[in-house]
Structure formats: structure tokens, C-alpha cells
Number of protein chains: 2
Amino acid sequence: MRAMPHQTEERRYHHGGLRAALLEAAERSVRDHGVAQLSLRDLAREVGVSHAAPRRHFADRQELLTALAEVGFARLGQDIRGALAETPDEFCARLRGAASAFAHFATGNPALLELMNSTKHHPEAPGVARASDEAFAPILALISEGQQRGLLREGDPQEAGLILFATVNGITTLVNTGLVPAGRLDHLIATAVDLFLRGSAP
Amino acid sequence: MRAMPHQTEERRYHHGGLRAALLEAAERSVRDHGVAQLSLRDLAREVGVSHAAPRRHFADRQELLTALAEVGFARLGQDIRGALAETPDEFCARLRGAASAFAHFATGNPALLELMNSTKHHPEAPGVARASDEAFAPILALISEGQQRGLLREGDPQEAGLILFATVNGITTLVNTGLVPAGRLDHLIATAVDLFLRGSAP
DNA sequence: CAACATTGTTGTCAGTGACTACTTTGCGGT
DNA sequence: ACCGCAAAGTAGTCACTGACAACAATGTTG
């Protein structure tokens with residue numbers, strides 16, 4: 001009932017959107033209490049179904065966490081693409097914009113990032129790999145473009161893109177664990193992008 | 001008895017080294033089954049004490065995990081210093097040696113790295129922050145030395161060091177999650193260090 | 001209309017973290 | 001040497017969890 005605000009007092013037997021509702025609830029739980037505290041029974045209670053219902057949609061707890069990581073990568077990809085859509089068509093500005101969007105997503109969702117960084121990619125579950133490739137794709141495209149326009153040195157664009165991706169990821173991990181104060185994030189990211197551009201100059 | 005190989009068949013009431021034994025067992029468990037599966041009762045059984053004994057040394061499960069993360073950083077620091085002790089006194093070689101040691105520690109201990117990357121630094125528990133600072137110190141010293149000798153551009157050595165540290169950390173995360181094949185680790189690290197050196201050149 | 005697959009419910013079980021009360025032991029002070 | 005006490009360990013308890021099995025509700029399709 002509470003999960004379907006347009007229905008009458010009586011809820012139908014079928015929830016009608018349980019998988020999505022569970023993932024939303026999971027994201028809230030992870031945000032508020034961290035990954036370790038996530039509980040299938042908690043989610044079921046929150047969504048208003050019986051305690052075993054979530055296992056109709058996710059074989060086990062790990063499968064739900066994996067699906068949530070996929071949501072995280074999809075969200076990240078959106079944020080990066082959104083930032084690029086608002087950035088002037090100037091290569092360095094776009095690279096900075098993408099890196100900044102990643103950093104802010106990551107520090108705005110520390111627990112989700114942690115989950116994304118600990119979810120193994122399996123051939124049987126191609127969703128996470130696909131989603132992470134899609135999140136990475138705008139950065140890869142930028143690097144390729146930079147190389148083609150002679151703004152970056154030639155080489156494997158995927159390699160350079162992975163290094164930049166890893167750098168931003170690593171910096172946000174330092175901030176999320178408290179090793180580096182959050183107030184230094186933007187400056188560190190900007191410095192890292194500058195360093196990357198100098199180091200990748202033709 | 002099994003935990004104290006020099007004793008007779010009868011174990012004394014006091015274990016005599018239970019905290020250390022628990023941390024060793026915890027490291028094995030995390031290595032074999034991942035952080036999420038770590039169980040205080042499991043550890044107690046393995047070490048040969050009652051199920052509640054571990055809570056005499058660690059207030060709760062999280063405190064034990066935090067202590068283990070500290071062990072991880074201490075181990076990392078040792079590996080980096082060990083690598084530097086065996087590297088010729090040539091700046092670039094040493095920087096590469098340190099980065100490589102970090103990368104190999106991280107990919108050789110994926111679950112431990114994950115724990116280290118998810119352990120929050122709290123003022124009440126300064127051990128982790130101290131251990132991670134000590135792990136970072138050789139890299140910081142290298143950067144400072146490189147700057148003083150005019151091999152790197154001037155600037156905040158801590159900042160440059162953090163960027164390099166984050167980059168290696170991020171790359172190993174990509175490898176540990178399977179986004180990047182393990183066989184590409186050394187090449188990626190070498191490329192990242194080269195890029196760092198070019199980007200930091202005076 | 002009926003069969004059946006999907007989805008949800010109820011109940012059960014073993015294991016867990018955390019807590020409490022009690023016991024053991026070794027150290028330090030007198 | 002003796003004793004008090006703190007530290008460390010034991011045994012029991014409780015609520016909660018993930019996972020599983022059996023049953024029930026429902027909607028789609030032939």
C-alpha cells in the first residue's frame with residue numbers, strides 16, 4: 001500500500017514493481033547505514049512485503065548488492081554525461097567537467113562507491129561490466145578525441161582513460177575514508193587533471 | 001593448544017596472545033572468504049577459545065575489522081620500504097619500485113585492500129590514520145626528494161604524493177574487480193608512473 | 001476455461017553479534 | 001605468603017538474519 005500510493009487501501013497480491021522498489025530501498029539503506037548493515041528483511045519490511053519476497057527477484061543478498069552496484073555505475077554514467085552536456089565544447093574544460101562530475105558523484109555517495117569498487121565482474125552477470133563500461137565511455141571518447149585532435153599524445157586511449165578514471169576513483173576513496181579532508185577534493189581533482197594533461201601532452 | 005604449539009596438551013586458562021592470534025585468523029578468513037563473511041565465532045573456533053572471548057579484545061566486530069585494516073596499512077608500508085631498500089639510488093627507479101610494490105601488495109591482498117579502502121578514519125581510533133600515514137611516508141619522502149633535487153616541479157609534495165598514491169590504488173581496484181585483466185597491471189602502473197613523471201616535470 | 005508460471009506468504013532452521021553473569025588466573029601491594 | 005582485584009576467558013541467552021521449503025494467490029496464454 002505505502003509502496004503504491006495510487007492504489008486503494010487494499011494492496012493487490014502482486015506488488016507490481018517490487019524489484020525496483022527493493023533496489024530503491026536498498027540504495028537508501030546503504031546510504032544511511034552502509035553496505036554491511038543491508039538486510040533483506042529490513043528491505044522487505046520497508047517495502048511492505050513478506051520477508052522472503054525479495055528472494056523472488058534476487059537469488060540471494062549478493063545478487064541484490066550486485067544489482068545495486070550496476071545502478072550505481074548507471075547513475076555515475078548519467079552524471080558524467082549530464083556534466084558534459086553542460087560544458088562548452090572545449091576539450092580541457094570537458095575533461096575537467098567529467099572528472100569533477102565523477103568526483104562529486106563518488107563523494108556524494110560514499111557507500112555506493114564502496115560497493116561499486118568491491119563488486120566483482122562475473123561473466124554470468126554481465127550487467128555490472130556493461131554499466132561500468134558505459135560510465136567509462138564518455139571519458140574514453142574524450143581521450144580519443146583529444147588524441148585525434150593532437151591535444152594528447154598518441155597511444156592506447158583506453159589505457160590513458162583508465163588511468164584518469166582510476167586517479168579520480170582513488171582520490172575520492174582518500175576523501176571518503178577521511179584521510180583527506182573533503183574541502184580539498186576540488187583542488188586535488190583539478191591538480192590531478194592538470195597533471196594528467198601535462199603528462200599526456202604530445 | 002593448537003594456538004600455542006610450545007605448550008603441553010592442556011592449554012592454560014589464559015591464551016596469552018589472543019589478540020594477535022585473532023588478527024592472524026581474521027586475515028586468513030578475509031583472504032579466503034572476503035570481508036562480509038568474517039565471523040567472530042568462526043575466529044574464536046579457529047583459535048580455540050569460547051565464542052565470546054574475542055569481545056574481550058575488540059569491543060565489536062567493527063573494531064576488529066578496523067584493527068585489521070591497520071595491519072594492512074602497516075604491511076603495505078613494510079612492502080614499500082622493503083622495495084625501496086632493494087632499489088638503486090636512482091629517483092625514477094625508486095618511484096617505480098614503490099608504485100610497483102604498492103600495486104603488488106594490493107592485488108595480492110584484494111580483500112584486505114578493500115577493507116583498507118572502506119575503513120573510516122576516526123579521531124578515537126588513531127591507529128589506522130597513523131598506519132596509513134606511515135605507509136604513505138616513503139612516497140611522500142620520495143616526492144620531496146625529487147622536488148628538492150629539481151627532478152620534479154615545485155609544489156606541495158603531499159598533494160603530488162596523494163595523487164600518485166590514489167592513482168595506484170585506483171588502478172589496483174580496477175584489476176581487483178576484474179574490470180581490467182591482471183596481466184595488464186604492471187604495464188598500467190608503469191604507464192601511470194611515466195605519465196606522473198612527465199606531468200610533474202619541472 | 002483451465003493450466004501453469006510467476007510472485008508472494010508463512011514457517012523453519014542454523015548461525016550470528018551482542019550481551020550478561022559467572023569463573024579462572026596472575027599480578028601487585030602489603 | 002596472602003589476598004584483592006582486574007583482566008581474560010566461559011557458558012548461556014536473545015533477537016535478528018539469510019536461506020530454504022511448502023503452500024497460496026494471481027494473471028497470462030492457449
Side-chain angles (χ1 to χ4, degrees), chain A residues 1-4 6-26 28-30 32-69 115 118-119 125, chain B residues 1-4 6-26 28-30 32-69 115 118-119 125:
Chain A
M1 187 205 78
R2 280 156 298 164
M4 312 197 65
H6 302 303
Q7 299 298 315
T8 62
E9 207 69 65
E10 291 295 313
R11 204 202 88 193
R12 289 168 177 269
Y13 179 76
H14 286 285
H15 184 279
L18 185 53
R19 191 179 192 276
L22 287 168
L23 282 170
E24 284 177 31
R28 281 194 300 273
S29 172
V30 158
D32 295 341
H33 309 295
V35 176
Q37 306 306 118
L38 186 93
S39 148
L40 294 180
R41 289 188 181 219
D42 244 352
L43 298 185
R45 272 188 294 267
E46 191 174 323
V47 173
V49 294
S50 68
H51 74 92
R55 300 199 56 240
R56 284 294 171 183
H57 298 273
F58 305 98
D60 54 27
R61 184 174 177 277
Q62 183 55 56
E63 191 174 304
L64 183 146
L65 286 173
T66 299
L68 186 57
L115 176 63
S118 60
T119 300
Chain B
M1 187 205 77
R2 280 157 300 166
M4 312 197 65
H6 304 304
Q7 301 298 315
T8 61
E9 206 67 62
E10 291 295 313
R11 206 202 89 193
R12 290 166 176 270
Y13 178 76
H14 287 286
H15 184 282
L18 184 53
R19 191 180 193 277
L22 288 169
L23 282 170
E24 284 175 30
R28 281 194 300 273
S29 172
V30 158
D32 294 343
H33 309 295
V35 176
Q37 307 307 118
L38 186 93
S39 148
L40 295 180
R41 288 186 183 221
D42 244 354
L43 298 185
R45 271 189 297 268
E46 190 172 324
V47 173
V49 293
S50 69
H51 74 92
R55 300 199 59 239
R56 284 293 168 183
H57 299 272
F58 305 98
D60 53 26
R61 185 173 176 278
Q62 183 55 56
E63 190 174 304
L64 183 143
L65 287 173
T66 300
L68 186 57
L115 176 63
S118 61
T119 300

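In this text the structure is predicted, and so the values were computed from the model without any measurement. In what follows, chains are A, B, ... by sequence order, proteins preceding strands, each numbered from 1.
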So which one's nearest nucleotide on DNA chain D is more toward 5', A:Asp42 or A:Ala59? A:Asp42

Among D:dA19, D:dG12, C:dT9, which nucleotide sits nearest the side chain of A:Ala52? C:dT9

Donor-acceptor contact below 3.5 Å, side chain A:Ser29 vs main chain A:Ala25: no

Quick one: A:Leu40 CG to D:dT17 C1', roughly how many Å, whole number? 9 Å

Criterion side-chain contact (heavy atoms from CB on, under 4.5 Å) on A:Leu40 and A:Arg55, from CA distance to verdict: CA-CA 8 Å; A:Leu40 294 180; A:Arg55 300 199 56 240; 4.2 Å; yes

In terms of side-chain heavy atoms of A:Arg45, which of D:dG18, C:dG11, D:dT17 is nearest? D:dT17

Taking the side chain of A:Arg41 as heavy atoms from C-beta outward, which of C:dG8, D:dA19, C:dG17 is closest to it? D:dA19

Mark yes or no for a side-chain to base donor-acceptor pair under 3.5 Å between B:Arg55 and C:dG17, with no hydrogen or angle criteria applied. no

What contact category does A:Leu64 fall into here, base, sugar-phosphate, or nothing, at under 4.0 angstrom with non-hydrogen atoms? nothing

B:Asp60 CG to C:dA18 P, straight-line distance once rounded to whole Å: 5 Å

Write down the distance between NE2 (B:His15) and C1' (D:dA8), rounded to a whole number of angstrom. 12 Å

Nearest to side-chain heavy atoms of A:Tyr13, which nucleotide of D:dA19, D:dT26, D:dT13: D:dT26

Is B:Ser39 close enough to C:dG15 that one of its side-chain N or O atoms is under 4.0 Å from OP1 or OP2 there? no

Indicate yes or no for a side-chain donor-acceptor contact from A:Arg61 to the backbone of A:Leu38 under 3.5 Å, with no hydrogens or angles considered. yes

Is a donor on one side and an acceptor on the other found under 3.5 Å between the side chain of A:Arg11 and the backbone of A:Gly48? yes

Applying the side-chain contact (heavy atoms from CB on, under 4.5 Å) test to A:Phe58, which of A:Leu68, A:Leu65, A:Leu22 qualifies? A:Leu22

Let me know the distance between CD of B:Gln37 and P of D:dG18, rounded to the nearest Å. 12 Å

Output yes when at least one side-chain N/O atom of B:His51 is less than 4.0 Å from OP1 or OP2 of D:dG9, else no. no

For B:His33 and C:dT16, what is the distance between atoms NE2 and C1' respectively, to the nearest whole Å? 16 Å

B:Gln62 CD - C:dT16 C1' separation (whole Å): 16 Å

Any A:Arg12 side-chain N or O less than 4.0 Å from OP1/OP2 of D:dA25: no

NA contact type, A:Arg61, heavy-atom cut-off 4.0 Å: base, sugar-phosphate, or nothing? sugar-phosphate

Does any N or O donor sit under 3.5 Å from an N or O acceptor when you compare the side chain of B:Arg56 with the base of D:dG9? yes

Under 4.0 Å between any heavy atoms, over every strand shown, what does A:Leu43 touch: base, sugar-phosphate, or nothing? Just pick one. nothing

Nucleotide C:dT16, atom P - distance to CZ of B:Phe58 in whole Å: 18 Å

